[in-house]
Amino acid sequence: MTDFTPDDHRFMTQALRLAEQGLYTTMPNPRVGCVVVKDGKVVGESAHLKAGMPHAEVHALNQAGDLAKGAVAYVTLEPCGHHGRTPPCAEALIKAGVAKVIVAMQDPNPLVSGQGVAALYAAGIQVSTGLMQQQAHDLNAGFVARMAQQKPFVRSKIAASLDGKTALSNGVSQWITGPAARADVQHWRARSCAILTGIGTVLQDNPSLTVREIDIDRQPLCVIVDSRLRMPLNAKLLKNQHVLIAYATDEAQKAEQLTAMGISLLCIPNADGKVCLQSLLKHLASTEVNEVMVEGGEGLNGALMALKLIDELVIFYAPKLMGGDGKGMFALPALQNMEEVISIDVYDVRQFGNDIRVLAKCVSA
């Protein structure tokens, strides 16, 4: 195992912070940062900001110029060793004459993983991997999931009362949480490639589910699970630039009208006559969707959780009690013993205004 120095950790931390600059913009590419260090001083640093633009390593090497020769490059993701939208970054590092490359994590794409490191080794460059690997992984959880599992990383956002209710018994749910919590939701939307909701939420709330208050040049794809294609033609969601409706049957004979409106449709029924959620996520991954944020009700959340398709939960608890007849977070089958319960791993708890945000990984996912 490589012994990394405190300076190694400091410079990789800097590279990870740079990578975060692409949080809302790099999709479908990963978020990557690079820091070039010569004699203990940073001589070049950059981040990858958008697909098709030069990668972080190229920007940082250009900034370093001749000082890159004999330097150490800290990179949050294995430098690419293949030709994609841009030339290989491993090749750029070799040409610049760096002496050593420290990599946080290897490329999760099984078709190219290890190629960049191998090219650097072959050129006589020292390579160390694994420094702050978990942090790098978490920054690109969606890219990793798409490459390794052929599914996006699924994150479910839920606003609930302290007694775990997401809506009153009549379906009313606006607003459970306060302005600070709702503002934080915009950041989660902005980093997502797609927002997933169910037809029940559309019929009850008629939401827009757009990114607001954050200056980005795109809106996430809006995906609606609508088994019987009950989508109202005047729904706010249909005004979005990119909309995909997944359905199982066209009972209302709306497919032709929706298609004429420029709405994409995907018919993927399962054996029960509902939308096959596994097939939907596989389809989204095939279209280079890295991260999906679920903003639905207990039905969609319950169906996804039952199939172990949710990777992470973002739950906002408001200091309110909504009563026993309110709607819950997950419509799941009744459990008979404690061995059947679903375990989650809470890794962050903080306050937004009067509301409490809990971040948790689904252990069984």
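For this chain, numbers begin at 1 and follow the sequence in order. Below, all heavy atoms of this structure are taken into account, side chains as well, without hydrogens, waters or symmetry copies.
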* Asked: Of all residues at least two apart in sequence or in a different chain, which pass the side chain to side chain contact (heavy atoms under 4.5 Å, CB included) check with Gln14?
  -> Phe11, Val35, Val42, Glu45

* Asked: How would you list, by chain and number, every residue that makes a side-chain hydrogen bond (donor to acceptor under 3.5 Å, both in side chains) with His9, sequence neighbours excluded?
  -> none

* Asked: Under the side chain to side chain contact (heavy atoms under 4.5 Å, CB included) test, which residues partner Asn170, sequence neighbours left out?
  -> Leu168, Val172

* **Any pair counted as salt bridge (Lys or Arg N to Asp or Glu O under 4.0 Å), so long as it reaches residues 143-152, sequence neighbours left out** => Lys151-Asp311

* Asked: Side chains of Asp7 and Thr5: donor-acceptor distance under 3.5 Å anywhere?
  -> no

* To do: Apply side chain to side chain contact (heavy atoms under 4.5 Å, CB included) to Glu256 and list each qualifying residue two or more places apart in sequence or on a separate chain.
  => none

* To do: Under the side-chain hydrogen bond (donor to acceptor under 3.5 Å, both in side chains) rule, collect the residues that match up with Lys320, sequence neighbours excluded.
  => none

* NZ/NE/NH1/NH2 to OD/OE distance under 4.0 Å, Lys254 and Asp226 -> no

* Backbone of Ala285 reached by a side-chain donor or acceptor of Glu288 within 3.5 Å -> no

* **All pairs passing salt bridge (Lys or Arg N to Asp or Glu O under 4.0 Å) where residues 328-348 contributes a residue, at least two apart** => Asp348-Arg350, Asp348-Arg357

* **Residues which pass side-chain hydrogen bond (donor to acceptor under 3.5 Å, both in side chains) with Arg230, listed by chain and number, not counting sequence neighbours** => none

* For Arg212, side-chain hydrogen bond (donor to acceptor under 3.5 Å, both in side chains) partners two or more places apart -> Thr210

Check residues 269-280 and write down every donor-acceptor pair under 3.5 Å in which the side-chain atom is one partner and the other belongs to a residue at least two apart or another chain.
from   : atom 1 : to     : atom 2 : distance (Å)
Asn270 : OD1    : Asp272 : N      : 2.9
Asn270 : OD1    : Gly273 : N      : 3.1
Asn270 : OD1    : Lys274 : N      : 2.9

* Using distance alone, with no hydrogens and no angle criterion, decide if Asn301 and Ser156 have a side-chain donor and acceptor under 3.5 Å apart. => yes

* To do: Output all residues satisfying side chain to side chain contact (heavy atoms under 4.5 Å, CB included) with Leu162, sequence neighbours left out; order by chain, then residue number.
  => Tyr317, Leu321

* Excluding sequence neighbours, so at least two apart, what forms salt bridge (Lys or Arg N to Asp or Glu O under 4.0 Å) with Arg155? -> Glu291, Glu312

